[in-house]
Structure formats: C-alpha cells, structure tokens
Protein chains: 2
Amino acid sequence: MENSAALGRAETQREDGRLVRGEATRERVLDAAERLFAERGFDGVSIRQIAGEAGVTLGVVGFHGGSKLDLFKTILERRVATLNTERRRTLAELRSRRAAATLRDLLAAYMAPYLEIASGGDPQWRAYARLIARIVSDDRWYEHVRDLYDPVAREYLDAILEIAPGVDRERLVTAFVLSVASMLSIVASTIRIAGLSVDESQSGRAVPGNVLDYRETLIDYCAGGIERAVPGLPR
Amino acid sequence: MENSAALGRAETQREDGRLVRGEATRERVLDAAERLFAERGFDGVSIRQIAGEAGVTLGVVGFHGGSKLDLFKTILERRVATLNTERRRTLAELRSRRAAATLRDLLAAYMAPYLEIASGGDPQWRAYARLIARIVSDDRWYEHVRDLYDPVAREYLDAILEIAPGVDRERLVTAFVLSVASMLSIVASTIRIAGLSVDESQSGRAVPGNVLDYRETLIDYCAGGIERAVPGLPR
DNA sequence: GTCTATATGTAGATAGAC
DNA sequence: GTCTATCTACATATAGAC
C-alpha cells in the first residue's frame with residue numbers, strides 16, 4: 001500500500017492561491033466518492049461508479065485516489081480536522097465563560113458541529129455526516145475511526161469529569177458513547193420517527209422532518225440519560 | 001423475483017419429525033449466510049463465500065436461498081417471529097401484574113429479548129443480533145425492517161401512552177427510537193467503551209465487556225433520556 | 001494530468017449431469 | 001438434492017499513449 005497523501009499531488013496550488021486543474025479534478029473525484037460511499041457503503045460502490053459520478057474515467061480515480069481502500073480512508077480523514085477544530089472551539093468557548101458549564105452545555109457543544117453539518121446546506125458535508133453514521137456499526141473501521149475521533153472525545157470526557165469528580169469513569173464513558181450513538185442515529189432515524197408518529201388509523205403519509213427539528217429532543221434525551229445512568233453527576 | 005418461501009422445500013419433515021437431508025442442508029446454508037452477512041454486510045459477502053462457509057457448492061446456495069436478495073430477506077425474516085412473540089409475552093406479563101408498569105419496566109421488557117440473544121450462548125442468534133444492529137443505519141432495508149419490527153414497537157408505544165396519556169406522541173416516538181438505536185449500538189460499542197474507559201496514561205490494554213455488563217446502564221440511560229425528553233411522563 | 005486499453009480476477013445466476 | 005460447468009457481466013488495478 002502506498003502513501004495516499006502523496007498520490008496525485010504533483011502540484012497543489014498556484015502562487016495566487018487558485019487551484020490548478022489537477023486539484024479541481026481531485027476534488028471532484030473525492031466528492032463523488034464521498035456521496036456514493038455515504039449512500040451505499042464501502043462494498044456497495046465500485047470505482048467505476050465513482051468515476052462515472054465524478055465525470056472522469058477509471059484511471060483518473062486511481063491516479064487521485066490510489067486503491068479503493070486508500071480512497072475510502074482519505075474520505076474519512078478529509079473532514080476530521082475541521083470537525084475536531086470546531087469541537088475544540090466550542091469547548092474552549094464554554095470554558096471561557098464565567099459560569100461553570102453544565103453537562104447539557106458540554107453535550108450540546110460536542111454535538112453542535114455534527115448536527116450543523118448533518119443538516120446544513122453543503123451536500124458534501126451532509127454526505128460525510130451520513131457516512132460517519134453508517135460506519136460506526138462496522139467493526140472493520142473501528143480502529144481508524146477511533147484514531148480520528150477519540151482524542152477530542154477524551155477532552156470532553158475530561159471536561160465532564162472536572163464538573164463531576166469522583167464519578168465512575170466507565171459508567172460515564174458508557175453513557176457518553178451511547179449519546180454519540182444516539183446523535184449519529186438521528187441522521188438515519190428521521191424516517192422511522194415520522195413513520196411511527198402517525199397513528200395507525202391515519203392514512204396520511206409520514207413526512208420525515210429535518211435533523212434540526214429533533215435537535216433539542218436529542219440533547220435533552222442524552223443529558224437526561226447520562227444523568228440517570230451515572231450516579232453522582234450534578235443536576 | 002421468485003417466491004422464496006417455495007424454494008428448496010419439496011419436502012420439509014418426515015412423519016416422525018426428523019428433518020430430511022435437504023432441510024438440514026438448507027439450515028446450514030442459512031446459518032452460514034447469517035454469520036457472514038452479520039460480519040460483513042450484504043455487499044461484503046459473495047454467494048461463493050456463503051457456499052464455502054456452509055460446506056456446499058454454489059448451486060446449492062441458489063437452490064435453497066434463491067437470489068442473493070431473497071436469501072438476505074429470508075435471513076432477516078427467519079427470527080422475527082420468535083423475537084416478536086417474546087416481546088409480546090414480556091409485555092403481557094407486565095400487564096398481568098397488579099401494580100401499574102413504569103416506563104422503565106416497559107423499556108426493560110422491550111429490550112430484554114434482544115439483549116438476551118445478543119449476549120446468549122447461541123452464536124447464530126448472536127449473529128442475527130449483530131446483523132440487525134448493522135442494517136438499521138442503511139436506508140436500503142428500512143421498509144423491510146419497518147414491516148417486521150414496527151408493529152410490536154407500536155404496541156409498546158401504546159402501552160407507554162396508557163400510563164402517560166396526553167403526552168406528545170412525536171416526542172415520545174423520537175425518544176423511543178433513540179432508545180432502540182442506543183440498544184442496538186451497544187452491540188458494536190463495547191469495544192469503544194472499553195477503549196475510552198482506560199486512562200490515556202495507562203498502558204494496559206482495554207478489554208471489552210459482555211453486552212450484559214452494560215445492561216443496567218443502558219436501561220437507566222434510556223429511561224432517564226425518555227423521561228427528560230418527553231414532558232409529562234410520570235416519574 | 002488525463003485517458004484508453006487491457007490484464008486478471010471474481011461476481012451472480014443457471015442449465016443440465018448425476 | 002446436489003454438484004459441475006459455464007455464461008455474462010463487472011470488479012480492481014495498471015501500463016503506456018497522448
């Protein structure tokens with residue numbers, strides 16, 4: 001396996017900051033891969049389909065993305081820095097306030113960046129959000145996802161432990177991980193929620209809402225869940 | 001697409017109840033498919049691999065399972081009746097008691113059958129539990145899973161509405177669906193919980209616990225979450 | 001940088017021998 | 001019932017022309 005970071009990057013930017021043609025093509029390939037992987041998963045997509053979606057030929061995908069596995073990992077990694085930075089920013093902002101942060105504040109700060117991208121206007125970021133929601137249930141990507149996401153998760157766990165020292169770490173971790181799973185599941189669950197929300201007798205079709213419609217319910221749910229499951233947390 | 005129920009069932013049982021040879025082979029094929037689909041998903045498995053795992057040849061899988069899609073749906077459906085029956089039994093048992101059931105009772109009753117199979121001794125049932133946990137994040141199977149599982153989910157939602165009439169149905173549904181997602185995620189999350197539970201400074205390797213170790217934490221979390229997210233529920 | 005052409009393997013499905 | 005053989009399509013990957 002080659003170093004994917006070096007692939008297809010003979011040049012990257014011109015002095016004036018505009019992208020060279022190769023870089024624009026590379027973006028098109030990665031964007032197409034991101035959309036398709038999000039929709040159908042790693043095994044459900046062929047490189048040919050990615051090439052077709054990107055409007056390039058087969059060889060071009062190989063040139064810019066390397067092997068299929070390289071390409072997939074590149075997609076996973078590409079947006080992590082932005083998300084991590086944003087989560088660290090919201091955490092720092094919380095810490096800079098006079099009043100001590102509550103558990104709900106911390107949860108909201110962790111979730112806000114993800115919920116924004118999952119429901120925002122950029123279809124590529126939305127695809128990335130769906131992709132992450134999809135792969136957490138697959139052991140195959142566990143180590144990779146862990147390396148990318150757990151460092152910031154640890155910072156938040158430490159912040160929670162600051163406001164509730166003496167709390168059992170494993171219980172807190174369990175409840176926190178359940179909360180992250182709850183957050184990710186909302187992306188795929190809006191359809192099911194809509195379906196179960198209409199009464200059986202109603203003939204009207206269920207219309208799934210936007211992720212943001214469930215935002216407050218989600219955060220309430222997670223905060224209430226953690227506080228119940230972890231004895232010793234302040235209320 | 002053919003009627004898969006008719007495939008490979010020229011004969012099923014002898015008068016004395018023992019399985020004929022064809023039925024035993026069919027079981028081997030379905031069991032192998034169940035294990036592999038659970039591990040790698042629909043697109044990650046080839047019919048040839050299933051044949052190899054089952055110790056039969058390619059044609060035999062086609063004979064007993066029909067097309068790959070038929071086979072997958074058969075796997076999804078095969079164990080639903082058992083699970084639904086068990087959930088209805090725990091609900092009925094709860095209703096037969098003198099004291100009114102609490103939300104936590106109802107949640108525990110709904111989750112118990114799944115948690116049992118996810119952690120029990122039968123590897124095939126465990127595989128099925130993992131398979132269900134995997135496919136809920138995939139829109140592709142939504143309608144199928146809905147038809148199989150939502151009827152019983154509605155019965156539980158109605159039972160909750162009985163003890164808390166006047167509650168906003170959509171908020172309750174949202175919180176309930178989040179709880180189901182939490183339950184399913186625990187299967188895949190024990191590794192991540194173990195990883196985040198050890199302090200960064202510790203060099204000791206993280207050892208994931210059994211699903212049952214997290215059972216009480218999970219149910220507390222879900223009950224606390226629903227009660228927080230749905231105003232008007234009795235505490 | 002991009003594209004064509006192709007090497008090499010594997011996919012799902014099934015017809016027909018046993 | 002089971003297995004062999006084979007059809008057709010599509011997979012990943014890459015070498016080399018432009």
Side-chain angles (χ1 to χ4, degrees), chain A residues 1-14 18-33 36-37 39-75 140, chain B residues 1-14 18-33 36-37 39-75 140:
Chain A
M1 195 182 311
E2 296 180 63
N3 176 4
S4 69
L7 288 165
R9 287 192 168 179
E11 344 164 46
T12 52
Q13 278 194 322
R14 269 203 270 269
R18 285 188 306 117
L19 298 175
V20 299
R21 187 160 69 113
E23 192 64 10
T25 304
R26 182 183 145 91
E27 293 263 305
R28 288 234 312 289
V29 169
L30 296 185
D31 286 354
L36 290 175
F37 281 142
E39 224 56 67
R40 299 176 224 167
F42 180 79
D43 295 307
V45 176
S46 72
I47 297 184
R48 289 181 146 79
Q49 291 172 319
I50 294 170
E53 175 85 6
V56 300
T57 52
L58 196 57
V60 178
V61 177
F63 177 76
H64 285 294
S67 76
K68 189 181 178 183
L69 192 61
D70 287 339
L71 178 56
F72 190 76
K73 288 184 177 173
T74 301
I75 297 299
R140 182 180 192 179
Chain B
M1 195 183 308
E2 296 180 63
N3 177 4
S4 70
L7 288 165
R9 286 192 167 178
E11 344 166 46
T12 53
Q13 279 195 321
R14 269 203 270 269
R18 286 187 305 116
L19 298 175
V20 300
R21 187 161 69 115
E23 192 64 10
T25 304
R26 181 186 146 92
E27 293 263 304
R28 288 234 314 288
V29 170
L30 295 185
D31 286 354
L36 290 176
F37 282 141
E39 224 56 68
R40 297 176 225 166
F42 180 79
D43 296 305
V45 176
S46 71
I47 297 183
R48 291 181 148 81
Q49 290 172 321
I50 294 170
E53 175 84 7
V56 300
T57 53
L58 195 56
V60 178
V61 178
F63 177 77
H64 286 293
S67 75
K68 190 181 178 183
L69 193 60
D70 287 338
L71 178 57
F72 190 75
K73 288 183 177 174
T74 301
I75 297 299
R140 184 181 191 177

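A note on names: the letters A, B, ... follow the listed sequences, proteins ahead of strands, and every chain is numbered from 1.
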J.: To the nearest Å, give me how far apart CG (A:D43) and P (C:dT10) are.
T.: 15 Å

J.: Decide yes or no for A:L71 and A:I50: does some side-chain heavy atom of the first lie under 4.5 Å from some side-chain heavy atom of the second?
T.: yes

J.: Do the non-hydrogen side-chain atoms of A:L30 and A:H64 ever get within less than 4.5 Å of each other?
T.: no

J.: Would you mind telling me which of D:dA13, C:dT14, C:dT2 lies closest to the side-chain atoms of A:K68?
T.: D:dA13

J.: C:dA11 P sits how many Å from A:I47 CD1, rounded?
T.: 16 Å

J.: Please report the distance, rounded to the nearest Å, between CZ in A:R26 and P in C:dG1.
T.: 12 Å

J.: So, is A:T57 near the phosphate of C:dT2, with a side-chain N or O under 4.0 Å from OP1 or OP2?
T.: no

J.: Please give, in whole Å, the distance from D:dT2 P to B:E23 CD?
T.: 10 Å

J.: Below 4.0 angstrom from OP1 or OP2 of D:dA11, is there any side-chain N or O of A:S46?
T.: yes

J.: Whole-Å distance between C:dG1 C1' and A:L58 CG?
T.: 16 Å

J.: Which label fits B:F42 and B:F37: parallel for a plane angle under 30°, tilted from 30 to 60°, or perpendicular past 60°?
T.: parallel

J.: Need one value for B:V45: base, sugar-phosphate or nothing, where a base atom within 4.0 Å counts as base even if backbone is also close, heavy atoms only.
T.: sugar-phosphate

J.: Show the distances under 3.5 angstrom between N or O atoms of the protein and N or O atoms of nucleotides 16-18 of chain C.
T.:
none

J.: Under 4.0 Å between a side-chain N/O of B:S67 and OP1 or OP2 of C:dG12, yes or no?
T.: no

J.: Over how many whole Å does the gap from B:R48 atom CZ to D:dT6 atom C1' extend?
T.: 10 Å

J.: Among the candidates C:dC3, D:dA13, D:dT2, find the nucleotide nearest to the side-chain atoms of A:V56.
T.: C:dC3

J.: To the nearest Å, give me how far apart NE2 (A:H64) and P (C:dG1) are.
T.: 8 Å

J.: Of A:Q49 and A:G59, whose nearest nucleotide on DNA chain D comes first from the 5' end?
T.: A:Q49

J.: Rounded to the Å, how far apart are B:I50 CD1 and C:dA11 P?
T.: 11 Å

